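Computed from a prediction, not measured in an experiment: that's the story for all the values here.
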Amino acid sequence: MTYPKVKILADSINALGKRITTFEIEFQRFILSELLTHKMLSRNAASSRAIPVSKVLEQVRNDPAMPSYFGKNQAGMQAKEELSGEDLEEVQLIWDQASKSAADFSDALAYNACHKQIANRITEPFQWMKVLVTATEWNN
């Protein structure tokens with residue numbers, strides 16, 4: 001599946017020529033903090049506290065969110081070069097195994113009567129996120 005997924009839900013221009021657009025965006029949950037830094041956007045995101053553990057586990061076990069780019073370690077905040085070959089295959093396997101382990105631990109918490117607001121937190125790095133975003137300014 002290709003991510004992010006973007007669907008325009010509403011797009012209009014008022015009499016003064018001002019445009020307002022609402023999107024539904026689906027992306028890896030670990031990207032959410034980047035979206036939240038933009039104060040000019042009106043956002044409404046799905047909450048892992050509201051979604052039943054069984055639904056989250058189904059998604060994480062069947063289609064875990066994975067980075068689209070596994071950068072090679074270097075100094076600084078961003079990788080300039082992507083891993084390749086066996087190195088890339090190995091880190092993708094490790095990420096997949098981590099998602100399965102997180103799902104198992106979340107399942108164990110839920111089995112032991114732990115509320116979804118806690119049980120779902122363990123699987124957040126492997127969850128897909130749906131967010132409604134509305135704005136009139138897109139320059140940033």
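Counting only distance, with no hydrogens or angles, the side chain of S101 and the backbone of Q97 share a donor-acceptor pair below 3.5 Å. Looking only at distances, no side-chain donor or acceptor of E26 sits under 3.5 Å from a matching main-chain atom of M129. The main-chain N or O of E58 is found under 3.5 Å from a side-chain atom of N62 such that the two form a donor-acceptor pair. D11 contributes no side-chain N or O that, together with a main-chain N or O of T22, makes up a donor-acceptor pair within less than 3.5 Å. Side-chain atoms of T136 never come within 3.5 Å of backbone atoms of R19 as a donor-acceptor pair (strictly under, hydrogens ignored). For Q59 (side chain) and D63 (main-chain N/O), a donor-acceptor pair under 3.5 Å exists by modelled atom type. Of the possible donor and acceptor atoms, none in the side chain of E24 sits under 3.5 Å from a partner among the backbone N and O of K5. Under a 3.5 Å cut-off, the side chain of N112 and the backbone N or O of C114 do not form any donor-acceptor pair.
F27 places a side-chain heavy atom less than 4.5 Å from the side chain of V131.
T134 OG1 to F23 CZ: the interatomic distance, rounded to the nearest 0.5 Å, is 9.5 Å. With rounding to the nearest 0.5 angstrom, the CD1 atom of I51 is 7.0 Å from the CG atom of N120. Rounded to the nearest 0.5 angstrom, E89 CD and L83 CG are separated by 11.5 Å. Residue H115 holds its NE2 atom at 11.0 Å from CZ of R121, rounded to the nearest 0.5 Å. One distance of note links NZ of K116 with OG of S54; it measures 9.5 Å at 0.5 Å rounding.
In the hydrophobic clustering, where aliphatic and aromatic side chains (Ile, Leu, Val, Met, Phe, Trp, Tyr) are joined below 4.5 Å either directly or transitively, L57 groups with V53.
Across all non-hydrogen atoms, the minimal contact from S106 to A119 is OG-O, 2.7 Å. Among all heavy-atom pairs drawn from A65 and W95, the shortest one is O-NE1, 2.9 Å. Residues A103 and V60 come closest through the heavy atom pair CB-CG1, 4.1 Å.
By the rule that hydrophobic residues join a cluster once side-chain heavy atoms approach within less than 4.5 Å of another member, I94 and F70 end up as members of separate clusters. Cluster membership for L132 and I20, using ILVMFWY side-chain heavy atoms within less than 4.5 angstrom, is not shared. I122 and W128 fall into different hydrophobic clusters, defined by Ile, Leu, Val, Met, Phe, Trp and Tyr side-chain heavy atoms under 4.5 Å apart, directly or through other members. In the hydrophobic clustering of ILVMFWY residues, with side-chain heavy atoms under 4.5 Å counting as a link, M66 and I25 come out together. Under a hydrophobic clustering in which Ile, Leu, Val, Met, Phe, Trp and Tyr are joined whenever their side-chain heavy atoms come within less than 4.5 Å, directly or via other members, I8 and V133 fall into the same cluster.
Qualifying salt bridge (Lys or Arg N to Asp or Glu O under 4.0 Å) partners for R61, counting only residues two or more places apart in sequence or in other chains: D104, D107.
Around OH of Y111, the count of heavy atoms belonging to other residues, nucleotides or ligands within 6.0 Å does not exceed 12. More than 12 heavy-atom neighbours from other residues, nucleotides or ligands sit within 6.0 angstrom of CZ on F30.
A salt bridge links K18 to E137: one of the charged nitrogens lies within less than 4.0 Å of a carboxylate oxygen.
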Taking distance alone, no hydrogens or angles, what donor-acceptor pairs closer than 3.5 Å link side-chain atoms of residues 72-80 to residues at least two apart or in another chain?
unit_1: Q74; atom_1: OE1; unit_2: K80; atom_2: N; d: 3.1
unit_1: Q74; atom_1: NE2; unit_2: Q78; atom_2: O; d: 3.3

